[in-house]
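The structure appears right after this line, and notes come after that.
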Amino acid sequence: MPVEPASAVSRTRRAIVVACALLATLPSQAAGRLTLAAASNLKFAMDELVGEFRAAHPGERVEVVYGSSGKLHAQILNGAPFDLFFSADMALPQDLAARGLAASPVRRYAMGRLVIWSAANDAAKLSLADLAAPRFTRIAIANPAHAPYGQRAVEALRAAGVWETVEPRLVYGENVAQTAQFVESGNATAGIIPLSLARNPALAARGGYALVPDALHEPLAQGFIITQRAAGNALAAAFAQFVASDPARQVLIRYGFASAPVAADGG
């Protein structure tokens, strides 16, 4: 049996080392990893969806970063390593697609609702007009500068004719999760938050909520994309397909999202 020269062995070892180093730097699909960027209003529903997906894909790593849609959008523009972006609106993923940063069409996956919620009052009997009463000294909404639910809250308050009275009392959360925390902690006497958060057991145990009439604001259609970073990532495609499944939609409905079959942009 011929013996391989020492120099050839050394070259082979070097090639193996280089190959291992290259594998370590491959995109997320090679390592079975997925990082999702998701709007804060999805916190509880998405945690459940990811749990079910992990159960069906043991060994795969799926992590979620929550935040306001506007800030997540800005992070993706600056190169954040997100594989899918679940926004609280359609406009932000559409903007990323227009910039060539999407590897899929923008797909609508949910229709959200706004509610009035208070930890100190029975919110089930409140309306937006009631928030003009002096007893509501601090009213929390998400920052409309980068949170779609904050933008819709402003639209609803204006349409209800109470904006001028309420605006000086508003306190702004960085995202809807922080907005709900303001109300839950007593730092705000009432808040306008997503129904999906009001149905979280911790908040639901603190009292009821009142739906904000959806005729008072633009629809809260929520869309997602697979980002360009995840182009060709089979795990990202599998998660997108899972979100379109009936079991996933049932989870979203349970957290207060209207039944909205995943549809391509404009569908």
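It should be emphasised that the depicted structure is a prediction, and the values quoted were computed from it without experimental measurement. Computation of the quantities below employed the complete heavy-atom set of this structure, encompassing side-chain atoms and omitting hydrogens, waters and symmetry-equivalent molecules.
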Counting C-beta onward and ignoring hydrogens, is there a side-chain heavy-atom pair between [X] and [Y] closer than 4.5 Å?
X      : Y      : value
Thr189 : Arg135 : no
Leu84  : Leu34  : yes
Asn175 : Thr179 : no
Arg249 : Tyr109 : no
Ile116 : Phe136 : no
Ile192 : Leu157 : yes
His146 : Glu174 : yes
Glu52  : Phe242 : yes

Please tell me whether [X] and [Y] are part of a single hydrophobic cluster in this structure, the criterion being side-chain heavy atoms less than 4.5 Å apart.
X      : Y      : result
Val166 : Val176 : yes
Val171 : Leu126 : no
Phe257 : Phe44  : yes
Val162 : Leu114 : yes

Inter-residue atom distance [X].[atom1] - [Y].[atom2], 0.5 Å rounding:
X      : Y      : atom1 : atom2 : value
Asp83  : Gln228 : CG    : CD    : 11.5 Å
Leu235 : Arg61  : CG    : CZ    : 12.0 Å
Tyr172 : Ile141 : OH    : CD1   : 5.0 Å
Leu101 : Ile226 : CG    : CD1   : 14.0 Å
Met90  : Glu218 : CE    : CD    : 13.5 Å
Ile193 : Asn41  : CD1   : CG    : 10.5 Å

Check the angle between the aromatic planes of Phe239 and Phe86 and answer parallel, tilted or perpendicular using the 30° and 60° thresholds. perpendicular
Determine whether a donor-acceptor pair (N or O, by modelled atom type, separation under 3.5 Å) exists between the side chain of [X] and the backbone of [Y].
X      : Y      : answer
Ser68  : Ala147 : no
Asn121 : Ser118 : no
Gln151 : Pro144 : yes
His73  : Ser69  : no
Asn200 : Ser196 : no
Arg138 : Ala190 : no
Thr227 : Phe82  : yes

Pair Leu36-Met46, side-chain contact (heavy atoms from CB on, under 4.5 Å): steps then yes or no: CA-CA 10 Å; Leu36 314 178; Met46 185 60 78; 4.1 Å; yes
Heavy atoms only: give me the nearest [X]-[Y] pair and the separation to one decimal.
X      : Y      : result
Gly112 : Tyr149 : CA-OH, 3.2 Å
Arg199 : Arg254 : NH1-O, 3.3 Å
Ala38  : Leu72  : O-CD1, 3.3 Å
Leu203 : Ala180 : CD2-CB, 4.0 Å
Leu128 : Ala156 : CD1-O, 3.6 Å
Pro105 : Ile225 : O-CG2, 4.0 Å

Given Tyr209 and Leu197, is the side-chain contact (heavy atoms from CB on, under 4.5 Å) satisfied, shown in steps? CA-CA 11 Å; Tyr209 57 80; Leu197 297 188; over 6 Å; no
Does Glu63 pair with Arg33 as a salt bridge, N-O distance under 4.0 Å? no
Under a 4.0 Å threshold between the charged nitrogen and the carboxylate oxygen, would Glu155 count as salt-bridged to Arg152?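 Answer for the salt bridge query: yes.
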Would you say the side-chain atoms of Asp47 and Tyr66 include a donor-acceptor pair closer than 3.5 Å?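 A donor-acceptor contact under 3.5 Å links the two side chains.
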Using only heavy-atom distances, determine whether the side chains of Asn187 and Gln181 contain a donor-acceptor pair under 3.5 Å.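 No, no side-chain donor-acceptor pair sits under 3.5 Å.
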Test applied, side-chain contact (heavy atoms from CB on, under 4.5 Å); reference residue, Arg113; option that passes from Leu220, Val212, Leu195: Leu195
Start with the C-alpha distance between Glu167 and Arg169, add both sets of side-chain angles, then the distance that settles salt bridge (Lys or Arg N to Asp or Glu O under 4.0 Å), and finish with yes or no. CA-CA 5 Å; Glu167 195 273 338; Arg169 307 180 204 161; over 6 Å; no
